[in-house]
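So the structure is just underneath, and the comments pick up after that.
A quick note: this is a predicted structure, and the numbers were derived from the prediction, not measured. Values below: every heavy atom of this structure, side chains too, minus hydrogens, waters and symmetry copies.
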Amino acid sequence: ALTSILALALAWWLSKITADPLRQLSRDVAQLTLGNLSHRSKVKSSSEVGLLAEEFNRMAGELQSERTRLQSSEERLRLAVTGARLGTWHWNLGTGELIWSERCRKIFGVPADGPVTYDQFLTLVHPEDRERLKQLVTQALQDRTDFEFEYRITPGSNTVRWIVALGRGESDAAQNPYRMEGVILDITERKKAEASILKERDFSEAILDSLPGVFYCYDDEFHFRRWNKNLERVTGYTGSEIARMSPFDFFVGPEQELIRERIQEVFATGRSQAEAEFIAKDGTRIPYYFTGLSIEIDGSPHLLGVGIDLSARKQGETERHRLFNLSLDPLCVAGFDGCFKQVNPAWTRTLGWSTSDLLSKPWLDYVHPEDREATRQAGASLLAGQPVLGFENRYRHQNGSYRWLAWNSFPLSEVGLIFSVVRDISERKRADEELRKSEAELRAAQERAKLGSWEVDLSTRTVSWSAEMFR
């Protein structure tokens, strides 16, 4: 009997030190599998069961720390995506369903709730971009590569917006693609800014090509850097031929030496002029009046000038008058005394002031107070005989608002006059500010998400990397 009692006691004792802790540890594991990572085992034992409990608690602690880190990382990514105004999307290739973020739905103009399919998405893509987009997506899935594409969407009947989309497909174990996900960014304002810049460049080219005479610019080694179409038309040389010529090739005899002296005078004193016969490719001699101004471009002295055909002076004056009055942008002639002498009708359309109003006051009276000092400095350069190109300031409109103007001004000291071509760039300024904000937001997003970016200039074969690429 005593032996039986001892056996029962031993069994009870073994149950206490082994079976009960194991059952408790099993319940602890169940809590962990339910996602309760803060749960800790209270099993205390010097046996191997106790060691298992300690290992369980260590593992649970590590899992809880990892989940906290992942949650923090996801929150940072969410803030980065929101800050950069990015839309996110997920496409289930099996069902065709698209899961769009709130920003993505807003860009495409679809309701905040309700399902969206891939076919529905395609109807929102501009017809001219739809097939190309489908081809890129298909190719990216087949090659298992990322894709990037800028395309237009039509969220409204009369609305067209530009977006850039980046996507990446995912494949299963059999290398069959089953979903794709990515981000989009509305780049409509950037596209508008790019179009404005191209329009500005085309406008400058049009102004040069519409000049009644020839325009030329060459460096101190007498290599032509720029000219207008009139120079090719008058001389009969092609653009590629002029690029290989020097200005002396258009003159012969004593007049060639005269032109050489006057060009040296321009580089020495800043300006000069001359009358000489222009020799065309077919030998025709045309009397011309040439001007030259010294200007620094990219740290190197250049000669900027125009030539006027004296044999058709009257016709040239008529053409200049027509160009002056019909120009869509303001043109003016001002005196060294700080007053306008002549303005074209575009000034009234731009600023609302009448011609008599503009001629009755110094131009500085119309300049924004914050821009007056810079305008005085630009005026001082003009009085010193230096052309001022690309100068920007604000002029007061008749209604009290201010308009941004860009100036290209050329002084003629011998007559005390300044000739200016002016462009209203108020809309471009607004577009530039929107573009700057968009780029700043994108850079901030890249920094938060630890994404690097790169850009390749195909003309120079150089690569530019963001700072994140070096981290």
Side-chain angles (χ1 to χ4, degrees), residues 192 195-217 226-234 286 288-291 293 304-335 339-361 363 366-367 382 387-399 401-412 415-431:
K192 289 180 179 178
S196 177
I197 292 171
L198 291 175
K199 185 178 180 181
E200 191 83 15
R201 185 196 65 186
D202 293 342
F203 175 78
S204 297
E205 294 289 346
I207 285 291
L208 293 179
D209 289 339
S210 66
L211 291 174
V214 298
F215 168 86
Y216 44 85
C217 177
R226 197 171 183 183
W227 58 90
N228 64 354
K229 293 295 184 181
N230 272 343
L231 184 61
E232 298 177 19
R233 180 183 60 80
V234 170
I286 310 170
Y288 259 77
Y289 172 74
F290 299 99
T291 66
L293 295 173
L304 186 76
V306 295
I308 301 299
D309 184 350
L310 299 180
S311 64
R313 177 178 293 173
K314 292 298 182 181
Q315 180 180 353
E317 290 175 353
T318 301
E319 292 175 353
R320 286 194 300 274
H321 182 73
R322 184 182 299 114
L323 172 66
F324 188 84
N325 287 308
L326 297 181
S327 172
L328 297 178
D329 291 280
L331 305 175
C332 67
V333 180
C339 295
F340 291 114
K341 304 303 179 184
Q342 188 177 3
V343 295
N344 69 342
W347 280 92
T348 300
R349 293 194 298 270
T350 302
L351 297 179
W353 301 102
S354 67
T355 299
S356 59
D357 289 332
L358 293 167
L359 299 182
S360 64
K361 298 178 182 178
W363 69 62
Y366 298 95
V367 176
L382 291 167
V388 174
L389 305 177
F391 177 73
E392 298 177 359
N393 63 3
R394 289 165 286 184
Y395 262 56
R396 179 164 47 90
H397 193 278
Q398 190 182 36
N399 63 15
S401 64
Y402 284 87
R403 305 291 296 178
W404 275 100
L405 302 180
W407 297 74
N408 290 319
S409 302
F410 303 88
L412 289 179
V415 294
L417 296 175
I418 301 169
F419 298 85
S420 299
V421 178
V422 186
R423 185 76 187 276
D424 184 352
I425 59 171
S426 302
E427 294 302 321
R428 192 198 75 189
K429 283 287 187 179
R430 280 191 284 271

Close side-chain approach of N325 and P345, heavy atoms under 4.5 Å
yes
Please name all residues satisfying ring pair (Phe, Tyr, Trp, His ring centres under 6.0 Å) with F290, sequence neighbours left out, ordered by chain then number.
F251, F278, Y288
CG on N230 to CG on L208, rounded to 0.5 Å:
10.5 Å
Please report the shortest heavy-atom distance between D309 and I286, naming the atom on each side.
OD1-CG2, 3.5 Å
Residues which pass side chain to side chain donor-acceptor pair (under 3.5 Å) with K429, listed by chain and number, not counting sequence neighbours
E392
Identify the heavy atoms of S426 and D424 that sit nearest to each other, and give their distance.
OG-OD1, 2.9 Å
Nearest 0.5 angstrom please: N408 CG to R423 CZ, how far?
11.0 Å
Over all atoms of both residues, closest heavy-atom pair of W363 and A334
CZ3-CB, 3.6 Å
Apply salt bridge (Lys or Arg N to Asp or Glu O under 4.0 Å) to R396 and list each qualifying residue two or more places apart in sequence or on a separate chain.
none
Can you name the nearest heavy-atom pair linking F419 to L412, along with the distance?
CE1-CD1, 3.3 Å
Minimum heavy-atom separation for P411 and L382, please, with both atom names.
CB-O, 3.3 Å
Minimum heavy-atom separation for N344 to P330, with atom names?
OD1-CA, 3.4 Å
Going by side-chain contact (heavy atoms from CB on, under 4.5 Å), name the residues that satisfy it together with N393, two or more places apart in sequence or in a different chain.
V367, D371, T375, F391, Y395, L405, W407
Is there side-chain contact between L304 and F410, with at least one heavy-atom pair below 4.5 Å?
yes
For K341, enumerate each residue passing the salt bridge (Lys or Arg N to Asp or Glu O under 4.0 Å) test, keeping only those at least two apart in sequence or located in another chain.
D337
Name all residues meeting the ring pair (Phe, Tyr, Trp, His ring centres under 6.0 Å) criterion together with F215; count only those two or more places apart in sequence or in a different chain, and write none if there are none.
none
Does a side-chain N-to-carboxylate-O contact under 4.0 Å join K229 and D209?
no
Across all chains, not counting sequence neighbours, the side chain to side chain donor-acceptor pair (under 3.5 Å) partners of S420 are S409
Just how far is it from atom CG of N399 to atom CG of L351, taken to the nearest 0.5 Å?
9.5 Å
Excluding sequence neighbours, so at least two apart, what forms salt bridge (Lys or Arg N to Asp or Glu O under 4.0 Å) with R349?
none
Are side-chain N/O atoms of S327 and D329 paired as donor and acceptor at under 3.5 Å?
no
Apply side chain to side chain donor-acceptor pair (under 3.5 Å) to D357 and list each qualifying residue two or more places apart in sequence or on a separate chain.
S354
Separation between CZ (R428) and NZ (K199), nearest 0.5 Å, reads 12.5 Å
Not counting sequence neighbours, which residues clear side chain to side chain donor-acceptor pair (under 3.5 Å) with W347? List them please.
none
Using the test ring pair (Phe, Tyr, Trp, His ring centres under 6.0 Å), find all partners of Y366 that sit at least two apart in sequence or belong to another chain.
W353
Main-chain N/O of H397 paired with S401 side-chain donor or acceptor, under 3.5 Å
no
Could you state the interatomic distance from CZ (R430) to CH2 (W404), rounded to the nearest 0.5 Å?
12.0 Å
Can you sort out the partners of R233 under salt bridge (Lys or Arg N to Asp or Glu O under 4.0 Å), two or more places apart, ordered by chain and number?
none
Can you tell me how far apart CG (L358) and CZ (F340) are? Round to the nearest 0.5 Å.
6.0 Å
